[in-house]
Amino acid sequence: MEFTLNAYSMVFSEHNMANKLEYGNKILLPSSMLPDLDLENGTVYFSIMNPRNCKEIFVGVHEYNDSPGICFIPHSMIECLHLSDGEPTIVKQIKEVPLGSYIKIKPYEKAFIELSDPKAILERFISENYPILSKGEVMIINYLDIQYHIEVMECNPDKTIQTTNCDINVDFERPLDMIEEETKEETKEETIPSPSMVQNTVA
């Protein structure tokens with residue numbers, strides 16, 4: 001079953017948890033959808049697609065509310081889908097999302113891995129805010145009022161997985177800004193002339 005809903009950033013919902021819901025991939029959907037959903041398996045997941053460019057993301061649902069024809073999603077997802085607030089989207093229930101067993105992630109900021117227990121922080125935020133994850137998704141973790149961006153590089157057993165009620169092994173790749181710093185240093189070393197080159201030039 002597909003639904004055409006107008007998508008708005010979470011802030012427009014006036015929900016009492018709107019600020020927290022900005023950091024995750026759980027959305028608010030109209031309760032008018034409920035009669036058309038398959039709720040036998042309990043947890044329900046959805047895809048949201050921009051019909052203009054067919055770009056698609058996968059989400060969980062936090063709550064069904066009384067806003068017919070409207071879905072509220074984190075602003076980062078509005079940007080990811082290249083939408084403007086109020087644009088129509090295609091929302092579709094997805095089924096048979098496998099339980100996750102493994103993810104490989106890449107923090108964008110090395111400051112994240114310098115926290116006292118980054119793995120525990122990551123696991124807590126995933127369990128609270130990211131009931132479903134997809135390869136290529138960028139999680140935003142707001143920890144002590146600092147935002148950390150973490151990309152999902154791999155996930156098993158499929159490219160989209162459930163994260164609830166399962167044990168997931170996590171591997172970390174080198175943070176993006178560390179790689180960028182090393183690349184800049186290597187480029188700098190290559191451009192600095194060696195002493196012998198300087199002497200030859202003077203001669």
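Residues take their numbers from the sequence shown, with the count starting at 1.
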Point-to-point distance, once rounded to the nearest 0.5 Å, from CG of Leu5 to CD1 of Ile90: 8.5 Å
Sub-4.5 Å side-chain heavy-atom contact between Tyr148 and Tyr23: no
Between CG on residue Leu28 and CD1 on residue Ile73, distance to nearest 0.5 Å: 10.5 Å
Shortest non-hydrogen contact between Cys155 and Lys135, atoms and distance: SG-N, 3.6 Å
Separation between CD of Glu40 and NZ of Lys95, rounded to the nearest 0.5 Å: 8.0 Å
Note, Thr89 side chain near Asn50 side chain (heavy atom, < 4.5 Å): no
Parallel, tilted or perpendicular, as decided by the 30° and 60° cut-offs, for the rings of His15 and His62: perpendicular
Side-chain heavy-atom pair Asn6, Pro88 within 4.5 angstrom cut-off: yes
Leu21 backbone acceptor or donor facing Asn19 side chain under 3.5 Å: no
Contacts of type salt bridge (charged side-chain N to carboxylate O under 4.0 Å, His left out), residue Glu87, not counting sequence neighbours: Arg52
Considering all heavy atoms, the nearest Phe72-Ser67 contact: CE1-OG, 3.7 Å
Whether Ser31 side chain and Asn65 backbone form a donor-acceptor pair below 3.5 Å: yes
Nearest heavy atoms of Met10 and Ala18, plus distance in Å: CG-O, 3.6 Å
Heavy atoms from other residues, nucleotides or ligands near CG of Asp36 exceed 12 (cutoff 6.0 Å): yes
Expected output: side-chain Asn169 to main-chain Ile103 donor-acceptor under 3.5 Å: no
Ile150 reachable from Leu115 in the ILVMFWY side-chain graph, under 4.5 Å edges: yes
Any donor-acceptor N or O pair under 3.5 Å, side chains Tyr108, Glu151: yes
Verify same cluster id: Ile113, Val170 (apolar side-chain graph, 4.5 Å): yes
Asp177 side chain to Lys110 backbone, donor-acceptor under 3.5 Å: yes
Steps toward side chain to side chain contact (heavy atoms under 4.5 Å, CB included) verdict (His75, Val11): CA-CA 8 Å; His75 185 69; Val11 66; over 6 Å; no
Student check: side-chain heavy atoms of Glu137 and Tyr130 closer than 4.5 Å: yes
Between Asp85 and Ser9, a side-chain donor and acceptor under 3.5 Å: yes
Donor-acceptor under 3.5 Å (Lys26 side chain, Glu128 main chain): yes
Under 3.5 Å: donor-acceptor pair, side chain of Gln147, backbone of Ile140: no
pair Leu81-Ile48: side-chain heavy atoms closer than 4.5 Å: yes
Glu114 CD: over 12 foreign heavy atoms closer than 6.0 Å: yes
Pro107 to Phe172 - nearest heavy-atom pair and separation: CG-CD2, 4.1 Å
Stepwise side chain to side chain contact (heavy atoms under 4.5 Å, CB included) test for Phe46 and Lys92: CA-CA 5 Å; Phe46 295 89; Lys92 181 169 62 174; over 6 Å; no
Neighbour count above 12 (heavy atom, 6.0 Å) for Asn53 CG: yes
Shortest non-hydrogen separation from Glu109 to Pro175 and the atoms involved: C-CB, 4.0 Å
Asp167, CG atom: more than 12 neighbouring heavy atoms under 6.0 Å: no
Separation of Tyr8 OH from Ser13 OG (nearest 0.5 Å): 12.5 Å
Under 3.5 Å side-chain donor-acceptor pair for Tyr102 and Asp171: yes
Residue pair Phe3, Leu37: steps toward the side chain to side chain contact (heavy atoms under 4.5 Å, CB included) verdict: CA-CA 11 Å; Phe3 306 85; Leu37 299 178; 3.9 Å; yes
Side chain to side chain contact (heavy atoms under 4.5 Å, CB included) assessment of Ile105 paired with Leu122: CA-CA 10 Å; Ile105 58 101; Leu122 177 70; 4.1 Å; yes
Least distance between heavy atoms, Gly24 atom then Met77 atom: O-CE, 3.7 Å
From Ser134 atom OG to Ile161 atom CD1, the distance as rounded to the nearest 0.5 Å: 8.5 Å
Heavy-atom side-chain proximity of Met49 to Cys54 below 4.5 angstrom: yes
Under 3.5 Å donor-acceptor, Thr163 side chain and Pro131 backbone: yes
Joint hydrophobic cluster, Val91 plus Ile78, side-chain heavy atoms closer than 4.5 Å: yes
Spatial distance of atom CD1 (Ile141) from atom CZ (Phe112) [nearest 0.5 Å]: 4.5 Å
Same apolar cluster: Val59 and Leu39, side chain cutoff 4.5 Å: yes
Side-chain heavy atoms of Pro30 within contact of Tyr64, under 4.5 Å: no
Lys104 side chain near Val152 side chain, heavy-atom distance below 4.5 Å: no
